[in-house]
Amino acid sequence: MSNRLKEQSSPYLVQHAENPVDWFPWGEEAFRKAEAEDKPIFLSIGYSTCHWCHVMAHESFEDRKTADILNQYFVSIKVDREERPDIDSVYMSVCQELTGSGGWPMSIFMTAQQKPFYAGTYFPPERRAGMIGFRELLLAIVRQWKEDKAGLLESAEQILSQISQPGHKEEGVISQGLPHRAAELFAAGFDERYGGFGAAPKFPTPHNLLFLILYARTEADREEAALALRQVRKTLEQMRRGGIFDHIGFGFSRYSTDRFYLVPHFEKMLYDNALLILAYAVAYKATADPVFLDTAEKTAEYILREMTAPEGGFYSAQDADSEGVEGSYYLWEYEEICRVLGKERGAEFCRGFGITEHGNFEGKNIANLLGGGEIGDQYEKERRQLYEYRKTRFRLHLDDKILTAWNSLMIWALTVLYRISGNQQYLLAAEKAQQFIEKNLAEGDILYVSSRKGVRSVKGFLDEYAFYAAALISLHDVTAKAGYLDRAQQICRQAVEQFLDREGGGYFLYGAENGDLITRPKETYDGAVPSGNSVMAYCLVRLAQMGDREEFRELAEQQLACLSAEAKEYPAGRSVFLIALLIHRHPPERITAVLSEGDCLEEILSNLPFYAEVKVLYRPTGQYRLLNGKTTYYVCRNHVCLPPTNRLSELMDFTTS
């Protein structure tokens, strides 16, 4: 018998619709029931491709005995963290405050007034390895609710007081030393042997690499620049060689469980792949290493082939689990490959991709190039055969909701890849996704979080507005269409109206169009995805520079000052803010390219510097004329303009100095 989640749009909630647990979606019905029946609330937060969410669901939420306890003594609420980042943020801060860490599934116990008194993540069904069993925990909370409810309520008030402490507001000044300090921190944590930063697990965090590329170009001395680019190159090459990259079907998994990038957590997320396309594309522009462009394009191929809806939006994720086993879809046996490819060619493929008879992961194999094999297409025919064979195994679960924020990241990535590669299919895909957002996820200047099967979810939060504005700015960068810039300005103005903290500075996660929670978070730290505050800083700086608008200049400087104070203790945790700060300090070159007849826009864009604001004219004007009848470039930087030139080499000498 189905519960109340059956009619929900979220794939994660629908996954739990047949549980014996009497789940409620987040809403007043659940809170009223808890208050009327004097019951605590069990809040479970996760997402549809989360491995440990699946494990806890199978062990506990599908178990009748556990469900009976929950149904008798609790009101149980399920939340998809990707549709409700506001709820996730509030209670993640609780979990981290109480346990010192966080993650998903998140398990929160709270009052009908949404005040938490106990928190954790995954709990096994029975006591194991020092972890309390979930049923044991439930019964302990039931006893305390009956015998010492006042103590739980007092605990809830103390927790609420702790997480509601207002941050100390410092009078903002834009700090000049933060980029250098961040570069020092990255250098100190860099893994010289295997790439990446820190110990396992290793997350890609491509925005950190983007910062290092820009820092090397703008502010680093020769030695610092070489160090920063070495960190970028080693990390990107190691990830491409490792099992975190799917060598058969392309695209990147969520993160590496080891320091070598061999064994991934196998789920594939849209946002990771978007940010990695950005990082590899920009790294190619900075280093001219063809492997980086190849990796960006192969990742884009995966997205356009497997993660794109017919209407143009991009799906959210593919699951790590296959038939209840994490990663089994991606694993290979030596004999299996020889059977598919033939003994001789199969053995050669296995040698190239580190596949052995005894295996490199739990008796099976993750294809990789960590042994030093050449990165190239010499096995393209065999790869295609294995890809088609792999599709016959079983179907991976696809989280097919379309998220405004993550789609905006992919639009941003594809427009940059178009600019660098000159391949128009990336621009067409980006523009089609933008049209999907306008048709399905926007109502005037109001954005929505997600859409699935024609149903929109809740109104958007800061990330939706900041990320979408960044996507629109990037579309304007490569098309020079005024409509994209106008729309970016509208979206940013709406973000200011809804989310700006006019007293404390910065932007709240949720705003005037959203409901109230027990606290109002303001996220400034860049995690797996950059924070909305960091991306707002980037958008405001770019808009201020595009047309010298005073409105956005003041907002940009306020935001940079606010985030300078936030970043003081650990600037390496706010890379996108640092990117905005570097762009503010080193405004992009303004390049006007006047195309002569017969010249190709894509070729011109791919040869122009990445870090530049480009305007393309398809015919001469009174101010911008053709020199010698050829495509002509007019370049200005720091209020200084060069004479017009036909030679890109002269332009490159100027812009990379």
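Keep in mind that the numbers below use all heavy atoms, side chains included, and drop hydrogens, waters and symmetry copies. These figures come from a predicted structure and were not determined experimentally.
- A donor-acceptor pair under 3.5 Å is formed between the side chain of N514 and the backbone N or O of G511.
- By the 4.5 Å heavy-atom criterion applied to side chains, R233 and I213 are not counted as neighbours.
- Aromatic rings from Y538 and W412 are positioned such that their centres are separated by under 6.0 Å.
- Among all heavy-atom pairs drawn from S89 and E523, the shortest one is OG-OE2, 2.6 Å.
- Side-chain N or O atoms of K630 include none that pairs as donor or acceptor with a backbone N or O of L595 at under 3.5 Å.
- R553 has a carboxylate O that lies under 4.0 Å from a charged side-chain N of E550, or vice versa, which qualifies the two as a salt bridge.
- Side chain of T235 to main chain of Q231: a donor-acceptor pair is present (N/O by atom type, distance under 3.5 Å, no hydrogens or angles).
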For this session: Verify salt bridge (Lys or Arg N to Asp or Glu O under 4.0 Å) between K298 and E301, making sure each step is shown before the conclusion.
Result: CA-CA 5 Å; K298 281 182 165 57; E301 179 184 331; over 6 Å; no

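- The closest donor-acceptor contact from the side chain of T645 to the backbone of Y633 lies at 3.5 Å or more, if one exists at all.
- The pair K401-D80 counts as a salt bridge, with a side-chain nitrogen and a carboxylate oxygen less than 4.0 angstrom apart.
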For this session: Please report the C-alpha distance between R590 and Y634 in whole Å, then the side-chain angles of each, then the deciding distance to 0.1 Å, and finally whether the side chain to side chain contact (heavy atoms under 4.5 Å, CB included) criterion is met.
Result: CA-CA 8 Å; R590 292 186 174 182; Y634 294 78; over 6 Å; no

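- The pair D445-R487 meets the salt-bridge criterion, since a charged nitrogen lies less than 4.0 angstrom from a carboxylate oxygen.
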Problem set entry | L517 and D86: CA distance, side-chain angles, deciding distance, side chain to side chain contact (heavy atoms under 4.5 Å, CB included) verdict | CA-CA 8 Å; L517 299 174; D86 55 333; 3.7 Å; yes

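- Taking the six-membered ring for Trp, F203 and F197 have ring centres at least 6.0 Å apart.
- In this structure a side-chain-to-backbone donor-acceptor pair under 3.5 Å is missing from N533 to K522.
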Problem set entry | Step-by-step side chain to side chain donor-acceptor pair (under 3.5 Å) determination, S531 to T524 | CA-CA 6 Å; S531 73; T524 65; 6.0 Å; no

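- The backbone N or O of L428 sits nowhere less than 3.5 Å from a side-chain atom of E431 that would complete a donor-acceptor pair.
- Between C636 and C641, the gamma sulfurs sit within a distance below 2.5 angstrom.
- Applying the side chain to side chain contact (heavy atoms under 4.5 Å, CB included) criterion to S421, with sequence neighbours excluded, gives L293, E297, L417, N423, Y426.
- In this structure, OG in S93 is found 4.5 Å from CD1 in I163, a value given to the nearest 0.5 Å.
- A donor-acceptor pair under 3.5 Å links the side-chain atoms of R585 to the main chain of Q176, judged by distance alone.
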Exercise. Where do H586 and E219 land on the side chain to side chain donor-acceptor pair (under 3.5 Å) test, with the steps shown first?
Worked result: CA-CA 9 Å; H586 306 276; E219 294 205 349; 2.9 Å; yes

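- In terms of modelled atom types and a separation under 3.5 Å, the side chain of T519 and the main chain of V90 share no donor-acceptor contact.
- Annotation: side chain of L229 is not in contact with side chain of L212 (no heavy-atom distance under 4.5 Å).
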For this session: Show your working on side chain to side chain donor-acceptor pair (under 3.5 Å) between S316 and E82 and close with a plain yes or no.
Result: CA-CA 9 Å; S316 295; E82 294 167 357; 4.7 Å; no

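- Residue I583 comes nearest to V541 through the heavy atom pair CG2-CG1, 3.9 Å, listed as atom of the first residue, atom of the second, then distance.
- A salt bridge does not link D88 with R84: none of the charged nitrogens is closer than 4.0 Å to a carboxylate oxygen.
- Once rounded to the nearest 0.5 Å, the distance linking OG1 of T295 with CD of E237 reads 9.5 Å.
- A salt bridge does not link D501 with R520: every distance from a Lys NZ or Arg NE/NH1/NH2 to an Asp or Glu carboxylate oxygen is 4.0 Å or more.
- In this structure, I420 and A281 approach most closely via the heavy-atom pair CD1-O, 3.3 Å.
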For this session: Take R452 and E311 through the test salt bridge (Lys or Arg N to Asp or Glu O under 4.0 Å) and record every step on the way to the result.
Result: CA-CA 12 Å; R452 181 173 182 262; E311 302 85 1; over 6 Å; no

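- With rounding to the nearest 0.5 angstrom, the CE atom of M307 is 12.0 Å from the OG1 atom of T299.
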Exercise. Given the rule in the side chain to side chain contact (heavy atoms under 4.5 Å, CB included) test, do D477 and M546 qualify, once you have shown the distances and angles that lead to the verdict?
Worked result: CA-CA 10 Å; D477 285 343; M546 298 166 77; 4.0 Å; yes

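- Of the possible donor and acceptor atoms, none in the side chain of T205 sits under 3.5 Å from a partner among the backbone N and O of H207.
- Every residue two or more places apart in sequence or in another chain that forms a side chain to side chain contact (heavy atoms under 4.5 Å, CB included) with A430 is listed here: I411, L414, T415, L475.
- Residues R240 and D294 are paired through a salt bridge, judged by an N-O separation under 4.0 Å between the basic side chain and the carboxylate.
- For D486, the salt bridge (charged side-chain N to carboxylate O under 4.0 Å, His left out) test picks out no residue, with sequence neighbours left out.
- Checked by atom type, the side-chain pair S575/N208 shows a donor-acceptor distance below 3.5 Å.
- For residues 467-513, the set of pairs meeting the ring-ring contact (aromatic ring centres under 6.0 Å, His included) definition, not counting sequence neighbours, comprises Y465-F499.
- Salt bridge R456/E464: absent, no basic N to carboxylate O contact under 4.0 Å.
- Taking every heavy atom of both residues into account, F314 and N407 meet most closely at N-OD1, 2.7 Å.
- The distance from the OG atom of S175 to the NE2 atom of H180 is 12.0 Å, given to the nearest 0.5 Å.
- Checked by atom type, the side-chain pair Y271/R254 shows a donor-acceptor distance below 3.5 Å.
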Problem set entry | Worked verdict on L227 versus R230 for side chain to side chain contact (heavy atoms under 4.5 Å, CB included) | CA-CA 5 Å; L227 174 60; R230 188 171 81 245; 3.2 Å; yes

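- Side chain of H584 to backbone of L560: no donor-acceptor contact under 3.5 angstrom is found.
- Distance check: D272 CG to F252 CZ gives 10.0 Å after rounding to the nearest 0.5 Å.
- Applying the side-chain hydrogen bond (donor to acceptor under 3.5 Å, both in side chains) test to every pair with at least one member in residues 617-627, sequence neighbours left out, gives no pairs at all.
- When all heavy atoms of C492 and L543 are compared, the pair lying nearest together is SG-CD1, 3.6 Å.
- Nearest heavy atoms, S450 versus E83: OG-OE2, 3.1 Å.
- Between the side chains of Q498 and Q494, at least one donor N or O lies within less than 3.5 Å of an accepting N or O.
- Shown here are the salt bridge (charged side-chain N to carboxylate O under 4.0 Å, His left out) partners of E513, two or more places apart in sequence or in another chain: K459.
- Note that the CG atom of L540 and the CG atom of L555 stand 5.5 Å from one another [nearest 0.5 Å].
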